[in-house]
Amino acid sequence: RVSYNLGPVHFVSMSSEHNYTKGSPQYQWIEQDLGNANLGSNRKTRPWLFLLAHRPFLSSTTEEEDQHIPGAELWNQITPLLSQYSVDLVLTGHQHLYPFLYYFSSPTFYF
C-alpha cells in the first residue's frame, strides 16, 4: 500500500490480495489516508481522490463472479469508505475487460 500526490490528484493504492477487512492494519491505513486527504486544505489543493487496487469491486464476467458483486467481501469492506471520503475514481485490474461504473446510490454498468 502506498499513497502519493500528483498534480491535483491524491492517489491511494491498496492491496486487494491482503487483508483489507475492517480493523486490519491495511483498512486502518486506508481510512486514515482518505481522512487526511479529505481535510479542507488538502482537498482544496488536491480536489481529486483516486483509489487503486488489483482486483475489481465489480465485474460483468462469470469468472470469480461471487468475488466481484455487490455484497462480496471487497465491496462490503471498502465501498463504505469510498462514499464516506468522496473518492472520485477507482481504478482496478485483474479482469481483462473494460466496464466502467457510474455510482451514486446504486451501481450502474456501462460498456
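What you see below is based on every heavy atom in this structure, not just the backbone, and it leaves out hydrogens, waters and symmetry mates. Nothing fancy with the numbering, it's 1 onward along the sequence.
No chain of hydrophobic side-chain contacts below 4.5 Å, direct or via other Ile, Leu, Val, Met, Phe, Trp or Tyr residues, connects Val12 to Val2.
Using a 4.5 Å cut-off on side-chain heavy atoms (C-beta onward), Leu6 and Phe11 make contact. Residues Gln84 and Glu31 meet the side-chain proximity criterion, which asks for heavy atoms closer than 4.5 Å.
Residue-environment remark: CD (Gln32) stays at or below the threshold of 12 foreign heavy atoms within 6.0 Å.
Here the closest non-hydrogen pair linking Val87 and Leu51 is CG1-N, 4.0 Å. The minimum heavy-atom distance between Gln26 and Asn19, with the atom names listed, is NE2-O, 3.0 Å. Counting all heavy atoms, side chain and backbone alike, Leu52 lies closest to Tyr4 at CD1-OH, 3.8 Å.
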Residues Leu39, Asn36; criterion side chain to side chain contact (heavy atoms under 4.5 Å, CB included); working and verdict
CA-CA 5 Å; Leu39 294 175; Asn36 288 336; 4.2 Å; yes

For side chain to side chain contact (heavy atoms under 4.5 Å, CB included), just list the numbers for Trp29 and Ser24, CA-CA rounded to whole Å, side-chain angles, deciding distance to a tenth of an Å, and then say yes or no.
CA-CA 9 Å; Trp29 177 83; Ser24 69; over 6 Å; no

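A donor-acceptor contact closer than 3.5 angstrom links the side chains of Asp33 and His10.
Here the CG-NZ distance, from Asn76 to Lys22, works out to 11.5 Å after rounding to the nearest 0.5 Å. Separation of atoms CG (Asn38) and CG (Asn42) is listed at 9.0 Å; rounding is to 0.5 Å.
In this structure, Gln28 contributes its side chain and Gly23 its backbone to a donor-acceptor pair below 3.5 Å.
Taking the ring centroids of Tyr20 and Tyr27, they lie at or beyond the 6.0 Å cut-off.
One finds no salt bridge joining Asp88 and Arg46 here, because no Lys/Arg side-chain nitrogen approaches an Asp/Glu carboxylate oxygen to under 4.0 Å.
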